Structures are given as C-alpha cells and as structure tokens.
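In what follows, a structure is listed as structure tokens, so that the remarks can point back to it.
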Amino acid sequence: MKVLVAGAGLGGLCLAHGLLRAGVDVRVHEREDGPDSRYQGFRIALNAHGLAALHACLPERLHALLAAVSGPMAGERLVVDQRLREVRRLGVADEGTAVDRHVLRQLLLAGLGDRVEFGRPVTGYTERADGTVEAHLGDGGGAVGDLLVGADGVGSAVRRQLLPGARVVTLPGSAVLGRTPLTERFAALVPGFGTVVQGTGARGTRVSMLLGRMEFRRPPRLAAAELAPDVRLPDTGSYLRWVVMPAEPLPAGPRNWEAVRADLLDLLDGWHPDLVDLVHRADVVNSAPLSARYAEPVPHWAGSRRVTLLGDAIHTMPPSGGQGANSALRDAALLARTLTAVQRGRAELPDAVGRYERRMLEYGFAAVADSVRRLPDFTPAR
Ligand SMILES: Cc1cc2nc3c(=O)[nH]c(=O)nc-3n(C[C@H](O)[C@H](O)[C@H](O)COP(=O)(O)OP(=O)(O)OC[C@H]3O[C@@H](n4cnc5c(N)ncnc54)[C@H](O)[C@@H]3O)c2cc1C
C-alpha cells in the first residue's frame, strides 16, 4: 500500500512515522520550500492524547529525546490584572507537557529523509478508474498512491476539493503572538500552567494577555547531540510565549514587527513593567499578528474513501482549548493504526478509512466546540 500525505506539519509527519513503523510506503508533499522557511515557533501544550500519539508513532529511539526537549507544564491557571494582582483562578491543570512547535517538527522530520518533498504543494487530486488516486503537485508533476491524506492545515487544498461546502469561520478581533527569552523575572509571571492578564489598555480598551512558559528540560541542540546524534535540532533557548488580544482591533494591513510592537507598547502603556518589557524584548523572528479560526461541523461524507483528512485540514479550532495539535496527532495515530490493519490484511481500505473518519469527526468537532466555548475565559469583554 502507498499513502500520499499533503502537508509536513505535526499531524502529517506523525502519520508518516506511524505508517513507516508498519512497513507502509509513504510520501509527504509539503508546500514550504524547507523546514525553516516560515515562522513556526510557538509553544504547544501536549495533553495525554497528543503524547500517546507521538509515542505510538515515533520510533522508540526518539522517545528520550522528545522527553528531554519537552518542558514541565502543570499547576494553577491564574487570572491577574495589569498590575499583576490576582483576580481569580481557573483551576489546576496537571496533564500538560510543553513543546515548541518548531523543535517538535524538526524532531518529527528525523529519519524521514527524502520521503518528505519540500516545495511541492498539493493543488488537487484525481481518483482513477483503477482505484488509485493521483495528487496534483504545484510544479505540474503528480504522485499516485492508494490513499491521499490531506494534512495540509487550515487552508487545505484537499478539503476544498473533497468538501467544497465546508466552512472555516475567522473570529473577529485581532491578536499578536510573541515570544521573549526566559529570565527569572519573566518565569515568575507563570508560576503554574499558564497566566491570563486581563486589564485595560490605552483609550479604555479591554485587553487580555496570555502567558505561557516554554522551558526546555535540556537545550534541544545539545540534547540531540547526546541522545540521537543523527537528528539536527535547532539552537532554541527557553522562552515565555505571550498573546495580546485587545477588544478593539489593532491597525490592519501588512505591518512590520517594529510597527506592530509600537502599537502594542502604546496599548499597554501604564501596565506592570514586567509585562511591558516582555513586549520590548520580544524575539523579532518569532513574533507576529495572529488570527483565530474554527471549522463548522460537517457530517460524515458519502463517496470517496481514497481521500481523507486529518488535523486542522478538517477540524481547525481556536487555541483557547489547547487541543488543535493534540487532535491532529490523535488523528495521525488513529489513522496509522487503522492503515496498519489494512497493510496486514485484517481490513479493507475503504471500510477502514470510513471507520477512522467517523471517530475522528466525533472527537475532532467535540474539541472544536469545547475550544469555542472556552474563548470567553481568554478574550477581553468589549
Ligand atoms: C499560537 C498558537 C498556539 C497553539 N497552541 C496549541 C496548544 O497549546 N495545544 C494544541 O494542541 N494546539 C495548539 N495550537 C494549534 C496547533 O498548532 C495546530 O492545531 C496544529 O499545528 C495542527 O496540525 P496540522 O498538522 O493539522 O497542521 P499544521 O501543523 O498547520 O501543518 C500543515 C502543513 O501543511 C502545509 N501545507 C499547507 N498547504 C499545503 C498544500 N496545498 N500542499 C502541501 N502542504 C501544504 C503547511 O505548510 C504545513 O506545513 C496552537 C496554534 C497557535 C497558532
């Protein structure tokens, strides 16, 4: 069996590992020109589903490296005001593990070699009379396999063709994501799982600022050199991840980081100096405006079982629930397990894919609904 995957993101790469473990031939086609071509370095909170999926799919020799480059994430979720006075507590979360998306993606690329083809976006597909599927690639080429998996994220080209009626809603408002190298002073802002600052900015605008700590147990590059010398991990230091969300949108249009930062500093004028300094000292390459989106639920579709979807390509959700990556990884592990049964002659491909889709749609859209329900905990009242 040959599986084509559109998208070398977290879900697509995790699936590729799971399939290789089962001896399935897999090729991943990625739109970006290389693994470093886009801003990707924010912190992700892995839950039990995400971790179990990574352990099920990644070769065992990489598990110790994954643990070494993860960070602790447990404790109270605090709400404070702009002078850092405690307002309320959202409850203890104790099952989190922090990972950096860019580091995790590099780790997931380990051992895949030329099975991942960069600079080759999937633009669409054709189902062929012999039961195979051809993925059309942006450079005019094509690839043929038994199954095409759209793991190509929120703007999925595969979903657009498979489910042209599926809708992705962009949430109103604007947000800016940043990260700032971790110092003792900044680490104290997040004593537990995470901290939400709710305050009032310039001109009376209500503002939320979310803070999360990414503290690597071991520096990723060094950990790789010791634990898996063939794996190249970036030289990323620990940082504090923050998201500023004002109730009134910031100026729109393309703006460079200097201009965005000036708007933020104006907005946060008079806030506690530790919070203002976080913005001042942000890492330029890894800070940018952000928009939150969610997918409207879709029923299980009739027809093709030669093309399927996973992760943000089908059930994208706002980061408020911390479940997007976890759901994408869970999909990858479930699909890998399902296809392993097909590879071993214990199931037929169309039935197996249909079963995967029914389960994935159920928990995936439950996670979307939960994340949308949790938005008010994080967004400022207007
Ligand atoms: C600020 C922020 C914080 C977050 N925090 C968390 C968190 O704490 N916990 C959590 O679980 N989730 C979190 N998420 C969500 C999480 O990052 C996503 O849900 C997750 O990355 C989705 O994985 P994916 O593999 O489906 O898609 P992606 O990781 O987006 O990968 C899609 C890949 O497909 C490629 N691609 C796109 N189009 C094509 C094409 N036509 N052909 C080929 N390739 C293509 C893209 O370049 C990309 O590499 C957060 C997201 C943000 C923005």
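It should be emphasised that the depicted structure is a prediction, and the values quoted were computed from it without experimental measurement. Atoms within a ligand are numbered from 1 in the order they appear, just like the ligands themselves.
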Part of [X] with heavy atoms under 4.0 Å of ligand 1, whether side chain, backbone, both or neither:
X: Val243; answer: neither
X: Ser156; answer: neither
X: Arg105; answer: side chain

With respect to [atom], which of [options] exhibits the smallest heavy-atom separation?
atom: atom 7 (C) of ligand 1; options: Gly12, Ala45, Ala292; result: Ala45
atom: atom 44 (N) of ligand 1; options: Gln323, Arg31, Glu117, Arg43; result: Arg31
atom: atom 25 (O) of ligand 1; options: Gly11, Gly124, Gly311; result: Gly11
atom: atom 11 (O) of ligand 1; options: Cys14, Ala325, Ala328; result: Ala325

Heteroatom distance test ([X], ligand 1): nitrogen or oxygen, under 3.5 angstrom:
X: Val122; answer: yes
X: Ile44; answer: no
X: Ala157; answer: no
X: Asp312; answer: yes

Sub-4.0 Å atoms of ligand 1 with respect to non-hydrogen atoms of [X]:
X: Pro121; answer: 42 (N), 43 (C)
X: His29; answer: 43 (C), 44 (N)
X: Gly153; answer: 27 (O), 32 (C)
X: Ala151; answer: 32 (C), 33 (C), 34 (O)
X: Leu290; answer: 53 (C)
X: Glu32; answer: 47 (O)
X: Leu177; answer: 1 (C)

Side chains of [X] and [Y]: does their closest heavy-atom pair fall under 4.5 Å?
X: Leu189; Y: Thr195; answer: no
X: Leu361; Y: Trp301; answer: yes
X: Leu182; Y: Met214; answer: no

How is the hydrophobic cluster of Met73 composed, in terms of its other members, when Ile, Leu, Val, Met, Phe, Trp and Tyr link through side-chain heavy atoms under 4.5 Å apart, directly or indirectly?
->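 Phe193, listed by chain and number.
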
Hydrophobic cluster (4.5 angstrom, side-chain heavy atoms) - remaining members for Val168 |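 Direct or chained contacts put Val168 with Val154.
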
Any side-chain donor-acceptor pair under 3.5 Å between Arg206 and Thr200?
-> yes

For residues His49 and Ser327, is any side-chain donor paired with an opposing acceptor at under 3.5 Å?
->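 Distance-only check fails for His49 and Ser327.
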
So Phe365 and His315, would you call those rings parallel, tilted or perpendicular, with 30° and 60° as cut-offs?
-> perpendicular

Per side-chain contact (heavy atoms from CB on, under 4.5 Å), Leu211 is matched among Leu78, Leu278, Val196 by Leu278

Testing Leu10, Leu46, Leu51 for side-chain contact (heavy atoms from CB on, under 4.5 Å) with Asn326, which one passes?
-> Leu46

Any heavy atom of Gly155 sitting closer than 4.0 Å to ligand 1?
->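 Flag not set, Gly155 not near ligand 1.
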
State plainly whether one hydrophobic cluster holds both Val149 and Leu112, where clusters connect Ile, Leu, Val, Met, Phe, Trp and Tyr through side-chain heavy atoms under 4.5 angstrom apart.
-> yes

Let me know which of Arg83, Arg89, Arg88 forms a salt bridge (Lys or Arg N to Asp or Glu O under 4.0 Å) with Glu86.
->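 The option that passes is Arg89.
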
